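Sharing a structure here in structure tokens format.
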Amino acid sequence: IWQSDKDANLVVAPSDHIILKEENFLRVITSALKASAANGSLLTLGIKPSRPDTGYGYIQFEEEILFKDNPRIKKVKTFTEKPNYEIAKSFLASGDFLWNSGIFIWKANTILQAFEQYLTEIADIFKGGLGKYNTSEEQSFIAEAYSVCTNISIDYGIMEKADNVLVFMADFGWSDLGTWGSLYEQLKKDDKQNAVISNNIMLYDSKNCIVNLPGTKLAVLHGLNGYIVVEKDGILLICKKEDEQQIRQFVNDVKIEKGEQYI
């Protein structure tokens with residue numbers, strides 16, 4: 001993009017998120033693009049948290065108003081990646097933390113300068129593609145370049161280090177659907193706040209659960225509060241929603257102790 005337009009202003013957005021308030025989203029993006037074009041910042045969209053979710057990254061912001069015409073843009077103070085439940089609860093109570101949506105707005109020049117400063121080796125690798133981008137040589141160059149790049153996220157590599165990072169406080173019905181907890185928030189629930197994705201589930205004295213089992217299987221659940229109950233390919237998982245970040249550890253343990261055929 002930079003090779004085609006040195007003044008390009010970009011939106012970087014993951015493909016697997018849900019946005020329910022599209023008009024709000026468009027207004028936020030338009031305003032954010034104006035801000036990044038005017039002040040040369042690395043801008044991320046922050047979402048007011050509605051629960052102490054341990055599957056999201058959090059952004060702490062400073063209270064100072066930087067721009068009178070847009071007081072929702074704040075200076076980033078700290079990034080915290082996927083805290084435990086108690087820390088997430090303290091973040092929610094403090095009122096000065098936002099969920100990191102992973103949606104970024106910046107000029108091509110601004111982000112390339114940040115790569116040169118904080119991820120110099122990666123910047124140097126991709127400079128080798130100048131003259132090849134937007135040509136028939138691009139695909140083969142990119143494939144080779146990626147194979148030798150350091151495996152590091154943009155948050156760790158740049159956003160946590162740069163001093164020109166701002167957060168735009170926004171509300172547009174966002175969820176990344178990357179956790180059972182975030183999926184639970186989007187699903188229809190019964191009067192006990194259970195989200196059930198099956199016709200063969202019988203619940204007794206249970207509430208705040210998400211249950212996803214094959215339609216061929218009948219399950220009777222009693223006395224559960226705030227649990228994930230899911231089955232796929234004959235493998236059953238029962239886990240507290242607040243502890244769902246441990247699922248990665250469970251998967252790793254299963255792989256080691258039982259074999260990859262269960263993953």
Side-chain angles (χ1 to χ4, degrees), residues 14-18 49 51-59 78-92 97 99-102 118-119 121-122 125 142-161 175-187 194-198 200-203 206-263:
S15 62
D16 57 350
H17 293 188
I18 186 171
R51 61 186 183 278
D53 199 305
T54 59
Y56 293 157
Y58 286 73
I59 299 170
T78 61
F79 283 89
T80 302
E81 183 66 14
K82 297 179 181 177
N84 63 39
Y85 186 69
E86 292 303 318
I87 293 176
K89 284 201 299 184
S90 70
F91 285 175
L92 198 65
F97 281 84
W99 283 334
N100 184 2
S101 71
Y118 302 107
L119 292 174
E121 290 183 4
I122 291 179
I125 289 170
I142 291 292
E144 181 180 353
Y146 265 79
S147 70
V148 296
C149 280
T150 303
N151 184 7
I152 187 169
S153 72
I154 197 75
D155 290 323
Y156 288 130
I158 290 178
M159 302 300 279
E160 293 184 7
K161 299 174 182 177
S175 174
D176 79 348
L177 301 182
T179 65
W180 285 106
S182 61
L183 180 60
Y184 169 82
E185 291 295 319
Q186 304 302 322
L187 293 173
N194 295 304
V196 179
I197 314 171
S198 175
N200 269 350
I201 308 299
M202 300 175 67
L203 294 172
S206 296
K207 58 185 179 180
N208 306 315
C209 295
I210 178 170
V211 184
N212 184 14
L213 300 175
T216 55
K217 185 157 293 187
L218 171 66
V220 180
L221 305 178
H222 176 264
L224 298 183
N225 183 4
Y227 270 80
I228 301 163
V229 182
V230 295
E231 181 183 338
K232 184 178 180 182
D233 298 331
I235 301 168
L236 176 66
L237 169 71
I238 302 173
C239 174
K240 287 184 178 180
K241 280 195 299 182
E242 65 187 57
D243 294 331
E244 71 171 316
Q245 285 307 301
Q246 293 190 45
I247 291 175
R248 294 181 182 179
Q249 184 62 51
F250 301 157
V251 170
N252 188 58
D253 291 345
V254 168
K255 186 185 295 186
I256 293 172
E257 297 183 20
K258 302 297 181 182
E260 293 198 5
Q261 68 268 28
Y262 294 104
I263 303 303

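Quantities reported herein were computed from a predicted structural model and do not represent experimental measurements.
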Tightest non-hydrogen contact, residues Ala88 and Tyr58, listed as CB-OH, 3.9 Å

Notebook entry, point to check: Taking the side chain from Glu242 and the backbone from Tyr85, do they hold a donor-acceptor pair closer than 3.5 Å?
Noted result: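 Not confirmed, Glu242 side chain does not pair with Tyr85 backbone.
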
Name the orientation class of the two ring planes belonging to Trp99 and Tyr56 (parallel below 30°, tilted from 30 to 60°, perpendicular beyond 60°).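 Answer is perpendicular, since the angle exceeds 60°.
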
Nearest-0.5 Å distance that lies between atom CD1 in Ile247 and atom CD in Gln249:
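Going from CD1 on Ile247 over to CD on Gln249, the span is 12.0 Å.
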
Review point. Taking all non-hydrogen atoms of both residues, which atom of Ile152 and which atom of Ile122 are closest, and how far apart?
Key: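 So the two residues come closest at CG2-CD1, 4.3 Å.
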
Do the side chains of Cys149 and Ile125 get nearer than 4.5 Å, heavy atoms only?
->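 Of all side-chain heavy-atom pairs linking Cys149 with Ile125, at least one is under 4.5 Å.
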
Taking distance alone, no hydrogens or angles, what donor-acceptor pairs closer than 3.5 Å link side-chain atoms of residues 213-234 to residues at least two apart or in another chain?
{"unit_1": "Lys217", "atom_1": "NZ", "unit_2": "Glu231", "atom_2": "OE1", "d": "3.2"}
{"unit_1": "Lys217", "atom_1": "NZ", "unit_2": "Glu231", "atom_2": "OE2", "d": "2.9"}
{"unit_1": "His222", "atom_1": "NE2", "unit_2": "Asp205", "atom_2": "OD2", "d": "3.3"}
{"unit_1": "Asn225", "atom_1": "OD1", "unit_2": "Asn208", "atom_2": "ND2", "d": "3.0"}

Closest non-hydrogen atom pair between Ile87 and Ser90, with its separation: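 Scanning both residues, the minimum pair turns out to be O-OG, 2.6 Å.
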
Straight-line distance of Ile18 CD1 to Glu185 CD, nearest 0.5 Å
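Spacing of CD1 (Ile18) from CD (Glu185) equals 12.0 Å.
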
Between the OG1 atom in Thr54 and the CG atom in Asp243, the distance rounded to the nearest 0.5 Å is 7.5 Å

Open item on the list: Does Phe250, at its CZ atom, have more than 12 non-hydrogen atoms belonging to other residues, nucleotides or ligands within less than 6.0 Å?
Closed with: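 For Phe250, atom CZ is crowded (more than 12 foreign heavy atoms under 6.0 Å).
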
| task | Let me see the working for Lys89 and Glu86 under salt bridge (charged side-chain N to carboxylate O under 4.0 Å, His left out), right down to the final yes or no. | result | CA-CA 5 Å; Lys89 284 201 299 184; Glu86 292 303 318; 3.5 Å; yes

Practice prompt. Can you establish whether the number of heavy atoms outside Lys161 located under 6.0 Å from its atom NZ is more than 12?
Written response: yes

The reported gap from CG in Leu183 to CD1 in Ile210 (rounded to nearest 0.5 angstrom) is 4.5 Å

Distance col, row Thr78:OG1 vs Phe91:CZ, nearest 0.5 angstrom, shows 6.5 Å

Subject >> Heavy-atom closest contact (Gly157 atom, Tyr118 atom, distance) >> reply: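 Heavy atoms only, the tightest pair is O-CB, 3.5 Å.
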
Here the pair of heavy atoms bringing Gly57 nearest to Glu81 is CA-OE1, 3.9 Å

Next item on the list: Write down the atom of Asn194, the atom of Cys209, and the distance for their closest heavy-atom approach.
Entry: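 Answer, listing the atom of Asn194 first, then Cys209: OD1-N, 3.0 Å.
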
Distance col, row Ile235:CD1 vs Lys258:NZ, nearest 0.5 angstrom, shows 12.0 Å

